Asker: 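Have a look at this one before I ask anything.
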2 protein chains.
Amino acid sequence: MSKKRQQLIDTALQLFYQRGINSVGINEILAVSGVAKKTLYNHFTSKEELVLATLKQRNDNFITWLDMSLKETNSDIEVVNKLFNGLFAWFSNSAIELGNFRGCFFINTSAEFSDPTSNISQYCRDHKLQVRQLIAQYLSQSNTELLDTICVLKEGAISMAYVNHDLSMPAKCIKIVEKLL
Amino acid sequence: MSKKRQQLIDTALQLFYQRGINSVGINEILAVSGVAKKTLYNHFTSKEELVLATLKQRNDNFITWLDMSLKETNSDIEVVNKLFNGLFAWFSNSAIELGNFRGCFFINTSAEFSDPTSNISQYCRDHKLQVRQLIAQYLSQSNTELLDTICVLKEGAISMAYVNHDLSMPAKCIKIVEKLL
DNA sequence: CTGTTGGTAGACCGCTCAGTATACTTTTGT
DNA sequence: ACAAAAGTATACTGAGCGGTCTACCAACAG
């Protein structure tokens, strides 16, 4: 992997996540990263290809962070606790690996790209599936009902943290799952 | 209210919701609505003002639809049933008043406009508050815990319907609340 | 009958966009 | 040591953007 290529991905991810993909132009990414335009088009054939690379990078970062957050859990309720405490840390900018919170990059990107069959929209869907499967790995047995509950609460908590500016949901989600178990 | 003004709002809402605000130009709205550019700038001083008018229109449509959906409920569980069955109808394009489902217009718009202090982002937040208060009105007593639960499940169900293409969540949310009551 | 109001049609402005082209320099593998 | 590969800097293209402007038209009220 080229160093310049990685510079471009890091800069683009930062700008895309903080301001939205359609609000950030190629020229700004070049100015901030200090890379020449020809170098960018040497590594990526189009803006879309760069976008896909940033989605992959963010997915890797997120999965790594989540995997770390869920490590060493001995019960389902502990998984739930670590998951939602992790989300709260993310929302309140205490998870430095994930950057300044501006919602879920994949939800935001899905909102910007309306064609559900595009590579970009499909990748966003795939990311959500990967997160679901990672959570499933940490639950004691294959419990689809609990898994569904956790996932829908997680998506709700993310959405309300970003749109409503309500950071209280992770704590409430833990209480909800406690009652259900 | 002028007829031309309403034509512009209706056309803009349709295009903005289906494709995203930053992906739809003024000229396209004019071409589709059949209105002259000067007429648009006679009614709205800028694109942003037109965007705010479409948000208000969508909010009115949504609140009206939800109010209709929740009418004549005699218990909290009935409210929950009608709410999530209503959401399922929306997701599966059976709520014609809400148009072809492409997620929540306010979540999508928040994703596109990154400044949380902008009028647009603030209106999106306000919409969510209005929906919450409408649901609260239909619950038998002031039950913040139940209200929070319903709201977080609702946001999760909307997000998963759009991003994950998973329409099964409304039914699962009903079961979750049933267990909790 | 005429002046105001609100509309149409479309040219135009300055700017930004994604992407290409040119000419030169640096790095690197053998 | 030197050719090939990779990077820099920058000008440019064609298209689209939001927004302004001019000129003309139709309806209607005094």
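Predicted, not measured: the structure shown is a model, and the values here were computed from it. Each chain gets a letter, A, B and so on, in the order its sequence line appears, and its residues count up from 1. Excluded from the calculations below are hydrogen atoms, water molecules and symmetry mates; all remaining heavy atoms, backbone and side chain alike, are included.
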Asker: For dG7(C), does either OP1 or OP2 sit under 4.0 Å from a side-chain N or O belonging to H43(B)?
Answerer: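 Answer is yes, contact under 4.0 Å.
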Asker: In whole angstrom, what separates Q7(B)'s CD from dT8(C)'s P?
Answerer: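 For the pair Q7(B) CD and dT8(C) P, the rounded distance is 8 Å.
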Asker: For the residue pair W90(B) and F84(B), is the inter-centroid distance of their aromatic rings smaller than 6.0 Å?
Answerer: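 No, ring centres 6.0 Å or more apart.
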Asker: Just the rounded figure in Å: distance from C1' of dT20(D) to CG of L30(B).
Answerer: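 Atom-to-atom, L30(B) to dT20(D), this comes out as 14 Å.
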Asker: Going 5' to 3' through nucleotides 10-30 of chain C, assign each nucleotide B (protein heavy atom under 4.0 Å from a base atom), S (under 4.0 Å only from sugar-phosphate atoms) or - (no protein heavy atom that close).
Answerer: --------SBB-B--------
Asker: State whether a side-chain donor-acceptor pair under 3.5 Å links Q6(A) with D10(A).
Answerer: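 There is such a pair (donor and acceptor under 3.5 Å, judged by atom type) between the side chains of Q6(A) and D10(A).
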Asker: Would you call the rings of F105(A) and Y17(A) parallel, tilted or perpendicular if under 30° counts as parallel and over 60° as perpendicular?
Answerer: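 Because their plane-to-plane angle is over 60°, the rings of F105(A) and Y17(A) count as perpendicular.
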Asker: Would you say Q130(B) and N59(B) are linked by a side-chain donor-acceptor pair, where the criterion is simply a distance under 3.5 Å?
Answerer: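 There is such a pair between these side chains.
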Asker: Expressed as a whole number of angstroms, how long is the span from L40(B):CG to dG18(D):P?
Answerer: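 Interatomic distance, CG of L40(B) to P of dG18(D): 10 Å.
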Asker: Could you tell me whether I96(A) atom CD1 has more than 12 heavy atoms of other residues or ligands within 6.0 Å of it?
Answerer: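 No, CD1 of I96(A) has 12 or fewer neighbouring heavy atoms, counting only those of other groups under 6.0 Å.
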Asker: What is the distance from CG of L50(B) to C1' of dC17(D), rounded to the nearest Å?
Answerer: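 About 15 Å, once rounded to whole Å.
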Asker: Which of parallel (below 30°), tilted (30 to 60°) and perpendicular (above 60°) describes F101(B) and F91(B)?
Answerer: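 Rings of F101(B) and F91(B): tilted, 30 to 60°.
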Asker: Could you state the CG-C1' distance from N22(B) to dG18(D), rounded to the nearest angstrom?
Answerer: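 Answer to the nearest Å: 12 Å.
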